[in-house]
S.K.: 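Handing you a structure now.
This is a predicted model, so every value here is computed, not measured. Numbers restart at 1 for each chain; the letters A, B, ... are given by sequence-line order, proteins then strands.
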Protein chains: 2
Amino acid sequence: MKPTIHDVARTAGVSISTVSRVMNAPETVTEMKRLRVQEAIDLLQYQPNGFARGLIYKKSGTLGVMIPDIENPYYAGLLRGMQDEAVRLGHSLMICNTDRDKDRLIAYIQSFYEKQVDGIIFASDALHPEYIEEMQRYRMPIVLASTNAPDYDIPSIDIDDELAAFEASAYLIDSGHVRIGMISFPPGDTISGRPRMEGFRRALREHGLKAEEAPVAYAAHRFEDAYAATGELLAAEPELTAIFAASDEFAMGAISYLREHGRRVPDDLSVIGFDDIRMAGMFIPKLTTIAQPVYEIGVRAVRKLHELAIGGHVEPLREKVPHKLVVRESSRSL
Amino acid sequence: MKPTIHDVARTAGVSISTVSRVMNAPETVTEMKRLRVQEAIDLLQYQPNGFARGLIYKKSGTLGVMIPDIENPYYAGLLRGMQDEAVRLGHSLMICNTDRDKDRLIAYIQSFYEKQVDGIIFASDALHPEYIEEMQRYRMPIVLASTNAPDYDIPSIDIDDELAAFEASAYLIDSGHVRIGMISFPPGDTISGRPRMEGFRRALREHGLKAEEAPVAYAAHRFEDAYAATGELLAAEPELTAIFAASDEFAMGAISYLREHGRRVPDDLSVIGFDDIRMAGMFIPKLTTIAQPVYEIGVRAVRKLHELAIGGHVEPLREKVPHKLVVRESSRSL
DNA sequence: GTGAAAGCGCTAACAG
DNA sequence: CTGTTAGCGCTTTCAC
């Protein structure tokens with residue numbers, strides 16, 4: 001059996017309060033007893049029971065994290081940032097891979113609640129009001145990482161997707177491309193879907209191109225979807241010279257399709273991605289992309305949640321972090 | 001404030017024991033009261049406090065997981081399997097990314113212990129005796145996923161690395177390759193390092209090739225290391241026609257190096273990887289590789305840990321799961 | 001069938 | 001400075 005505070009007290013010959021004190025306020029105990037207690041602790045390998053402390057402090061030192069797809073490298077970077085900051089703050093992370101499954105997500109919210117996590121970080125593209133309401137119903141501190149909720153007063157941290165997409169597209173246009181297609185997340189996706197598409201369209205418009213005629217194909221989330229979408233794009237506009245992909249994985253899917261259909265990248269077509277996942281620098285050709293400071297987003301999300309859990313509020317509520325265009329090999333000037 | 005069992009009891013007009021009963025043994029309560037209690041529960045959004053239950057049951061319903069590098073897609077697949085099985089069993093996962101940092105790992109073991117996880121899954125290549133002893137000292141159930149410990153009686157589940165490496169190499173030889181190099185994990189790595197190298201050598205030997213003369217270059221863990229190692233390999237043996245990479249990431253690093261130095265894959269050189277991470281099918285060229293059933297390993301690891309935590313022992317102690325050669329585009333017959 | 005009460009391991013007044 | 005005691009929220013005998 002795990003030793004308890006009573007065991008320590010007994011072998012040290014003191015009361016349990018004294019033991020408790022040497023753990024929480026050592027300076028209030030005489031050196032002699034403190035040493036004796038410390039010895040007993042070491043001897044018994046004593047470690048206070050988290051449940052008992054939790055009951056009293058009403059804190060678990062654990063943060064819940066929801067991510068939609070753990071196999072998506074984008075989230076891996078985010079998690080790393082969160083984890084590092086959590087360690088720094090003395091917290092643990094309870095991670096839930098929702099697989100974009102609604103029931104699973106709701107079940108996890110309840111589980112987080114029962115396990116008394118100190119707060120939840122919701123990292124996802126798809127954020128239905130229903131989820132938010134479920135979380136708010138339990139009144140748990142929550143912050144959004146790499147997404148946001150314009151309709152609710154929930155702290156969030158992400159990049160300016162519209163602007164980033166604008167810059168990616170503008171870069172293509174400035175490189176001489178005129179016939180540009182986009183592989184977008186579904187228009188119903190209000191985070192990485194619509195804003196990036198709007199940024200794309202605005203770039204065309206502001207550069208005197210007909211935004212409405214530019215072909216856009218939708219892909220759900222994965223490589224294969226983008227592969228197929230590229231076919232649609234080319235069918236709609238065979239003369240395409242550039243593609244703006246809303247994620248690096250999409251860019252890879254597009255490049256694969258192009259290769260297998262005799263189009264060279266970047267010689268025949270330029271492709272630009274989004275996110276700058278680790279793989280972007282390993283792919284052949286290396287991806288030109290918009291880099292998101294994912295690690296940083298993870299770190300700040302945890303920090304924000306910590307603040308929120310401690311102080312009850314955070315400043316600023318909605319935080320934007322800077323993105324950056326990274327030019328590598330998958331694009332070229334015309 | 002979170003409602004407690006007392007609140008429910010009060011609003012339902014019963015004692016707390018009755019409330020407790022409708023949650024844990026509803027059939028022992030008369031329908032009338034049961035309904036009234038259920039109503040109160042729904043009304044107050046009552047959810048029992050995990051700390052209080054934990055104190056009594058001495059179980060947290062949480063499993064601790066240690067992984068060395070969350071950005072390595074190999075572990076993402078593993079985690080997905082674990083997560084899915086954990087959900088099925090009603091458990092949560094507490095994940096720790098050790099970053100191969102010893103202090104961090106030890107700190108996490110203690111944290112797991114304090115938080116009363118029901119057990120630990122250790123998924124890693126590097127497994128120092130010190131870690132094992134630290135974990136055993138706390139007498140927590142532990143299972144090894146995708147690694148093993150020959151010197152200790154610890155349940156483990158992984159593939160037969162030596163055999164898998166043998167088959168990968170034999171495939172290359174059967175395809176007509178004679179001058180084959182290997183990019184290996186460091187020889188000190190007794191899991192994915194030495195066994196895979198021995199499998200490689202045995203294949204050469206059993207096919208009448210001089211195993212000792214085959215060049216082997218070592219790479220730590222990542223793409224960049226393999227990139228550099230490929231240069232060493234080629235310097236040692238410029239006539240190489242095939243490379244066996246001990247991981248898919250190594251294979252990608254090798255292919256990148258080859259591309260950038262004017263060698264085409266698979267036309268000039270064949271490259272075979274190991275693991276079959278998701279990216280293997282997205283890379284250009286698609287990787288020929290040894291597929292590990294990572295998802296399955298994750299699932300079984302959780303199941304094993306569950307058994308161990310419940311029954312105190314598992315059968316069989318060391319489990320091997322089958323691997324599979326997957327031939328794609330990065331290799332060809334001579 | 002149901003309530004009162006003890007106790008899980010710990011912290012925090014409260015007395016001494 | 002230190003020990004005693006009352007809970008934290010819940011489950012579980014044990015009487016009624």
S.K.: Taking all non-hydrogen atoms of both residues into account, name the closest pair between B/K304 and B/V143 and its distance.
M.R.: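 Minimum heavy-atom contact is C-CG1, 4.2 Å.
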S.K.: Rounded to the Å, how far apart are A/I5 CD1 and C/dT11 C1'?
M.R.: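 In whole Å, C/dT11 C1' lies 8 Å from A/I5 CD1.
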S.K.: Side chain of A/V14: nearest nucleotide among D/dT11, D/dG3, D/dC8?
M.R.: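 Looking only at side-chain atoms, A/V14 lies closest to D/dG3.
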S.K.: Taking side chain as C-beta onward, heavy atoms only, is B/M82 less than 4.5 Å from B/L93?
M.R.: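 B/M82 vs B/L93: side chains touch.
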S.K.: From the set D/dG9, D/dT11, C/dC10, return the single nucleotide nearest to any side-chain atom of A/A52.
M.R.: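 Of all the options, the side chain of A/A52 is nearest to C/dC10.
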S.K.: Whole Å only: how far is the CG atom of B/N49 from the P atom of C/dC10?
M.R.: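 It works out to 16 Å between those atoms.
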S.K.: Go through the N and O atoms of the side chain of A/S17 and the base of D/dT4, and report whether any donor-acceptor pair is under 3.5 Å.
M.R.: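 Yes, the side chain and the base share a sub-3.5 Å donor-acceptor pair.
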S.K.: Atom NE2 of B/H6 and atom C1' of D/dC10: how far apart are they, to the nearest Å?
M.R.: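 In whole Å, D/dC10 C1' and B/H6 NE2 are 9 Å from each other.
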S.K.: If I take atom CD1 in residue B/I56 and atom P in nucleotide D/dT13, what distance separates them, rounded to the nearest angstrom?
M.R.: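 One finds 11 Å between P of D/dT13 and CD1 of B/I56, rounded.
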S.K.: Can you tell if the side chain of B/V117 reaches within under 4.5 Å of the side chain of B/L63, non-hydrogen atoms only?
M.R.: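 With C-beta onward as the side chain, the pair stays apart.
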S.K.: From the set C/dG3, D/dT2, D/dT11, return the single nucleotide nearest to any side-chain atom of B/R21.
M.R.: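 The answer is C/dG3.
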S.K.: Output yes when at least one side-chain N/O atom of B/S15 is less than 4.0 Å from OP1 or OP2 of C/dT2, else no.
M.R.: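 So the side chain of B/S15 is outside the cut-off, no N or O lying under 4.0 Å from OP1 or OP2 of C/dT2.
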S.K.: How long is the line joining CZ of A/R53 and C1' of C/dG9, in whole Å?
M.R.: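 Between C1' of C/dG9 and CZ of A/R53: 11 Å.
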S.K.: Ignoring backbone atoms, establish whether A/Y46 has a side-chain N or O less than 4.0 Å from OP1 or OP2 of C/dC10.
M.R.: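 So the side chain of A/Y46 is within the cut-off, an N or O lying under 4.0 Å from OP1 or OP2 of C/dC10.
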S.K.: Between D/dC1 and A/K33, is there an OP1 or OP2 to side-chain N/O distance shorter than 4.0 Å?
M.R.: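 False: A/K33 side-chain N/O out of range (4.0 Å or more) of D/dC1 OP1/OP2.
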S.K.: Could you state the atom-to-atom distance from NZ of B/K58 to C1' of D/dC10 in whole Å?
M.R.: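 My rounded result for the distance is 12 Å.
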S.K.: Counting the atoms with a prime plus P, OP1 and OP2 as sugar-phosphate, which does A/F51 contact under 4.0 Å by heavy atoms, base, sugar-phosphate, or nothing?
M.R.: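 No contact.
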S.K.: Which atom pair, heavy atoms only, marks the closest approach of A/Y46 to A/T4?
M.R.: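 Distance-wise, the nearest heavy atoms are CE1-C, 3.6 Å.
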S.K.: Given side chains that start at C-beta, do those of A/V302 and A/I121 come closer than 4.5 Å, heavy atoms only?
M.R.: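 The answer is yes, as the side chains (C-beta and beyond) meet within the 4.5 Å cut-off.
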S.K.: Might you point out which heavy atoms bring B/A12 and B/V37 nearest each other, and give the distance in Å?
M.R.: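 Heavy atoms only, the tightest pair is CB-CA, 4.0 Å.
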S.K.: Round to a whole Å and report the spacing from CG of B/L44 to P of D/dG9.
M.R.: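 For the pair B/L44 CG and D/dG9 P, the rounded distance is 14 Å.
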S.K.: Categorize B/T30 for me: base, sugar-phosphate, or nothing, with a 4.0 angstrom heavy-atom threshold over every strand shown.
M.R.: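 If one applies the 4.0 Å heavy-atom cut-off, B/T30 turns out to touch the sugar-phosphate alone, with no base involved.
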S.K.: With heavy atoms under 4.0 Å as the rule, sort B/V19 into base, sugar-phosphate or nothing.
M.R.: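 Nothing, no heavy atom under 4.0 Å.
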S.K.: Taking the minimum atom-to-atom distance to the side chain of B/P48, which one of D/dT12, C/dT11, D/dC10 wins?
M.R.: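 Shortest atom-to-atom distance from the side chain points to D/dC10.
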S.K.: Would you mind telling me which residue lines up with the more 5' stretch of DNA chain C, B/L55 or B/V29, judged by nearest nucleotide?
M.R.: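 Going by which nucleotide is closer to the 5' end, it is B/V29.
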S.K.: Could you state the CD-P distance from B/E114 to C/dG9, rounded to the nearest angstrom?
M.R.: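 It is 15 Å, rounded to the nearest whole Å.
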S.K.: Does B/R34 make a side-chain donor-acceptor contact with the base of C/dG1, cut-off 3.5 Å?
M.R.: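 It does not, because no donor-acceptor pair links the side chain of B/R34 to the base of C/dG1 below 3.5 Å.
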